[in-house]
Amino acid sequence: MRKILNKKFFNRSTVVVAKDLLGKFLVRNIGDKEIAEMIIETEAYDGYKDEASHASKGRTKRTEVMFGDPGNFYIYLCYGMYWMLNIVTREHGYPAAVLIRGIHGANGPGKLTKFLNINNKLNNKHAIKRNGLWFEDRGIKIPDRNIKKTPRIGVVYAGPIWSAKKWRFIINQ
DNA sequence: ACGATGATGAAC
DNA sequence: TTCATCATCGTA
């Protein structure tokens with residue numbers, strides 16, 4: 001079974017999408033090369049009230065993408081060196097996204113974008129084959145008992161309420 | 001424990 | 001136009 005995840009999949013609760021992405025495949029196509037790896041770690045960033053989310057600054061040139069269509073990529077540079085790959089969730093006009101933090105063979109959001117050759121050229125592009133980067137359901141279902149929830153990484157600046165939210169999801173090895 | 005490295009947003 | 005900050009990672 002190979003089903004490409006569509007707009008409908010991403011137009012749902014951000015936390016649910018983040019959890020559901022575990023076990024799905026991130027597929028990268030460049031030329032005649034195709035890499036497909038299972039997603040093992042994600043984080044949810046939901047709404048303008050979430051102080052950990054860039055969208056808490058409101059609509060800016062950068063955050064505009066998060067207000068866009070579900071299934072679009074939100075990609076930005078972090079610490080001057082690493083591209084972060086996010087996928088926009090919820091309906092158009094509501095700012096939310098899921099950060100892809102780990103795939104099989106590349107743990108860490110900066111490492112996986114380097115591994116898959118992802119940069120801001122894909123920012124605000126839709127996750128479809130035509131753009132060379134998309135998501136597939138290959139029939140793997142991760143049972144709840146194998147999913148670990150923890151607070152998000154590197155967001156202490158967001159204050160006690162938002163930094164404590166257990167919106168990071170990892171497959172228990 | 002820390003430095004690399006540059007875009008971003010807010011203050012001035 | 002400056003300035004602090006940062007959804008990280010490799011080296012130590």
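Everything numeric here is computed off the predicted structure, so don't read it as measured data. Chain identifiers are assigned alphabetically (A, B, ...) following the order of the sequence lines, protein sequences preceding nucleic acid strands; residue numbering begins at 1 within each chain.
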Query raised in the report: Is there a residue in residues 46-59 of chain A whose heavy atoms reach under 4.0 Å of DNA chain B, and which residues are they?
Result: A/K57

Query raised in the report: Near DNA chain B, under 4.0 Å by heavy atom, which residues of residues 85-117 of chain A?
Result: none

Requested in this report: With a 4.0 angstrom cut-off to heavy atoms of chain A, pull out the first and last contacting nucleotide of DNA chain C, in 5'-to-3' order.
Outcome: C/dC6 to C/dG10

Report task. Describe the nucleic acid contact of A/M81 in one word from base, sugar-phosphate, nothing, applying a heavy-atom distance below 4.0 Å. Result -> base

Query - Residue list, ring pair (Phe, Tyr, Trp, His ring centres under 6.0 Å) with A/F25, at least two apart or on another chain - result: none

Please report the interatomic distance [atom1]([X]) to [atom2]([Y]), rounded to the nearest 0.5 Å.
{"X": "A/R90", "Y": "A/M66", "atom1": "CZ", "atom2": "CE", "value": "12.0 Å"}
{"X": "A/D69", "Y": "A/N124", "atom1": "CG", "atom2": "CG", "value": "8.5 Å"}
{"X": "A/L5", "Y": "A/K3", "atom1": "CG", "atom2": "NZ", "value": "7.0 Å"}

Query raised in the report: Are A/F9 and A/F135 close enough that their ring centers fall under 6.0 Å?
Result: no

**Report entry** A/Y45/A/H54 aromatic ring centres below 6.0 Å
**Finding:** no

Report task. Check the side chains of A/T60 and A/T63 for a donor-acceptor pair under 3.5 angstrom, ignoring hydrogens and angles. Result -> yes

Requested in this report: Verify the distance criterion only: is there a donor paired with an acceptor across the side chains of A/N29 and A/K33 at less than 3.5 Å?
Outcome: no

**Report entry** Qualifying residue, where the test is side chain to side chain contact (heavy atoms under 4.5 Å, CB included) with A/I171 and the options are A/H104, A/K148, A/M38
**Finding:** A/M38

Query - Presence of A/R62 side-chain N/O under 4.0 Å of B/dG9 phosphate oxygens OP1/OP2 - result: yes

Report task. Look at A/E41 together with A/R168 and state whether they make a salt bridge at an N to O cut-off of under 4.0 Å. Result -> yes

Query - Enclosure of A/Y94 OH (heavy-atom neighbours >12, cutoff 6.0 Å) - result: yes

Query raised in the report: Do other residues, nucleotides or ligands put more than 12 heavy atoms under 6.0 Å from the CD1 atom of A/I140?
Result: yes

Query raised in the report: By the rule that ILVMFWY residues connect when side-chain heavy atoms come within less than 4.5 angstrom, directly or transitively, which residues belong alongside A/M1?
Result: none

Report task. Could you state the atom-to-atom distance from CD of A/E64 to C1' of B/dG9 in whole Å? Result -> 15 Å

Requested in this report: Please work out the stems of DNA chain B from pairs that are Watson-Crick or G-U wobble with both distances under 3.5 Å, keeping only runs of three or more consecutive pairs.
Outcome: B:1-4 with C:8-11, B:6-11 with C:1-6

